[in-house]
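Presented below is the structure to which this report refers.
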Amino acid sequence: IGLLMKEMKNIAPEERAAYGKGVNELKEWALEFLGSLDEKMKAKELQDRYEAEKIDISLPAETVAEGNLHPITLVKNQIIDIFAGMGFEIFEGTEIETDYYNFTALNTPDYHPARDMQDTFFLENGNVLRTQTSAIQIRTMEKTGAPVKMFGIGATYRKEMDATHAPMFGQIEGLYVNKNITMSDLIGDIRAFLKRFFEMDDVELRIRPSYFPFTDPSIEVDLKWKNGRWLEIMGAGMVHPNVLRNCGINPDEYQGFAFGFGWDRL
């Protein structure tokens, strides 16, 4: 177009006006056409850049390996759900206990031979690593009085290390104190719990007389399991009147049952 403009001097005077008009029209067309094409090319270049740089947030994330709850934790949660469904309220306590709540309040004074039944971890200040979660029951009865229907749960410690025992294990202890409570109520609740836990229509139990300082009468419960063998799973009994008195509850008016087992074994 520039060269065409320079040719104006060589055009006859009478033809220059028409020639100049034609060249200007060509120039205007070229500017409009090339300008539009330039905008389209820049837009396409920007779109290509967007396509190359964009992140599709709808794509699934990379797979992350997830852990699972330990079998002991799963069993613990299942036990809690069952007892809560049976009307028991859950309580927890400290793993370091005083001698009073771990022994004395449970009808086990200093001179009592039953203290030798439990190999205890003693601390320098006279406190102990609790040998049983029964201390939670004592603290609960002191606060709530009777009636009370609860279970304590947590870790317990004993200096036992052999093929069938561990120095630390999980324990659950149930307590129900009310008027006119009998041993039949205790065995009925134990059977109801085990049927729900093992998801069975019935369970075969063996009830044996035993001794615990904090219950009278006391029993131990065995469960028939694989190959017809019996497995001891819990100790239980009617709450000793002295334990009720230590918690400010009149044993002539209220009775109760208590049971304790390790959920590791179940």
Side-chain angles (χ1 to χ4, degrees), residues 71-93 102 106-108 114 117-119 130-138 140 148-158 160 162-177 181-200 202-226 228-240 243 255-266:
I72 295 296
T73 302
L74 294 173
V75 169
K76 172 186 174 183
N77 293 341
Q78 182 183 2
I79 292 171
I80 291 174
D81 288 342
I82 293 174
F83 277 122
M86 294 172 66
F88 288 84
E89 186 177 0
I90 184 172
F91 287 88
E92 295 181 297
N102 195 79
L106 288 160
N107 198 36
T108 317
M117 297 170 59
Q118 300 177 8
D119 295 325
R130 65 183 179 194
T131 60
Q132 55 208 2
T133 49
S134 305
I136 302 175
Q137 299 177 357
I138 299 298
T140 302
V148 59
K149 191 174 187 180
M150 55 79 64
F151 68 96
I153 185 169
T156 53
Y157 304 85
R158 298 181 188 180
E160 298 178 316
D162 57 56
T164 60
H165 298 85
M168 172 183 170
F169 57 95
Q171 191 175 59
I172 288 183
E173 295 202 32
L175 172 75
Y176 183 29
V177 177
I181 299 298
T182 68
M183 182 71 77
S184 295
D185 298 311
L186 167 61
I187 297 175
D189 274 11
I190 291 174
R191 186 177 296 276
F193 162 74
L194 292 173
K195 287 167 60 175
R196 295 182 190 180
F197 179 80
F198 290 111
E199 299 178 352
M200 299 173 61
D202 199 7
V203 290
E204 189 170 353
L205 303 179
R206 183 170 64 182
I207 309 298
R208 294 181 288 106
S210 185
Y211 167 78
F212 304 106
F214 33 81
T215 53
D216 184 30
S218 302
I219 61 172
E220 287 185 347
V221 181
D222 301 335
L223 174 72
K224 180 175 273 192
W225 64 314
K226 60 183 181 180
R229 290 184 292 168
W230 293 95
L231 177 69
E232 177 195 336
I233 57 171
M234 71 173 67
M238 301 302 294
V239 180
H240 197 289
V243 175
Q255 304 81 43
F257 65 71
F259 57 85
F261 59 88
W263 72 77
D264 313 65
R265 187 168 296 187
L266 288 183

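For this chain, numbers begin at 1 and follow the sequence in order.
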Set out, in order, the CA-CA distance, both residues' side-chain angles and the distance that settles side chain to side chain contact (heavy atoms under 4.5 Å, CB included) for Thr140 and Gln137, then state yes or no. CA-CA 5 Å; Thr140 302; Gln137 299 177 357; 5.7 Å; no
For a 4.5 angstrom cut-off between non-hydrogen side-chain atoms, does Ile138 reach Val243? yes
Give a yes or no on whether the backbone of Thr131 and the side-chain of Asn102 come within a donor-acceptor separation of less than 3.5 Å. yes
Arg191 and Asp202, any side-chain heavy atoms less than 4.5 Å apart: yes
Can you measure from CG (Leu231) to CG (Leu223) and round to the nearest 0.5 angstrom? 6.5 Å
Grab the two heavy atoms, one from Leu106 and one from Gln132, that are nearest each other, plus how far apart they are. CD1-NE2, 3.4 Å
For residues Val75 and Phe197, determine if any side-chain heavy atom of one lies less than 4.5 Å from a side-chain heavy atom of the other. yes
Between Thr133 (side chain) and Gly154 (backbone), is there a donor-acceptor pair under 3.5 Å? no
Test log, rule side chain to side chain contact (heavy atoms under 4.5 Å, CB included), inputs Glu173 and Phe91: CA-CA 10 Å; Glu173 295 202 32; Phe91 287 88; over 6 Å; no
Any donor and acceptor pair, going by atom type alone, linking the side chain of Arg130 with main-chain N or O of Ile136 inside 3.5 Å? no
Taking C-beta and beyond as the side chain, do Phe257 and Asp185 meet within less than 4.5 Å on heavy atoms? yes
Checking the side chain of Arg206 only, and the main-chain atoms of Lys224 only, is there a donor and an acceptor separated by less than 3.5 Å? no
Distance from Ile233 atom CD1 to Trp263 atom CH2, nearest 0.5 Å? 15.5 Å
So how far is it from Phe214 CZ to His240 NE2, rounded to the nearest 0.5 Å? 11.0 Å
Between the main-chain N or O of Thr182 and the side-chain N or O of Ser184, is there a donor-acceptor pair closer than 3.5 Å? no
Are the side chains of Phe151 and Ile80 in contact, using a 4.5 Å heavy-atom criterion? yes
Compare every heavy atom of Pro213 with every heavy atom of Asn107, then report the nearest pair and how far apart it is. ND2-O, 2.8 Å
Please work out whether the ring planes of Phe193 and Phe83 are parallel, tilted or perpendicular, with thresholds of 30° and 60°. parallel
For Asp222 versus Arg208, what's the shortest heavy-atom pair and its separation? OD2-NE, 2.6 Å
Shortest non-hydrogen separation from Phe198 to Leu266 and the atoms involved: CZ-CD2, 4.2 Å
Rounded distance (nearest 0.5 Å) linking atom CG of Asp189 with atom CG of Leu194: 10.5 Å
How long is the gap from CD1 on Ile79 to CD1 on Ile153, to the nearest 0.5 Å? 7.0 Å
CG of Asp216 to OH of Tyr211: how many Å apart, nearest 0.5 Å? 9.0 Å
Taking all non-hydrogen atoms of both residues into account, name the closest pair between Ile181 and Gln255 and its distance. N-OE1, 3.4 Å
Measure across Met86 and Lys149 and return the closest heavy-atom pair with its distance rounded to 0.1 Å. O-NZ, 3.0 Å
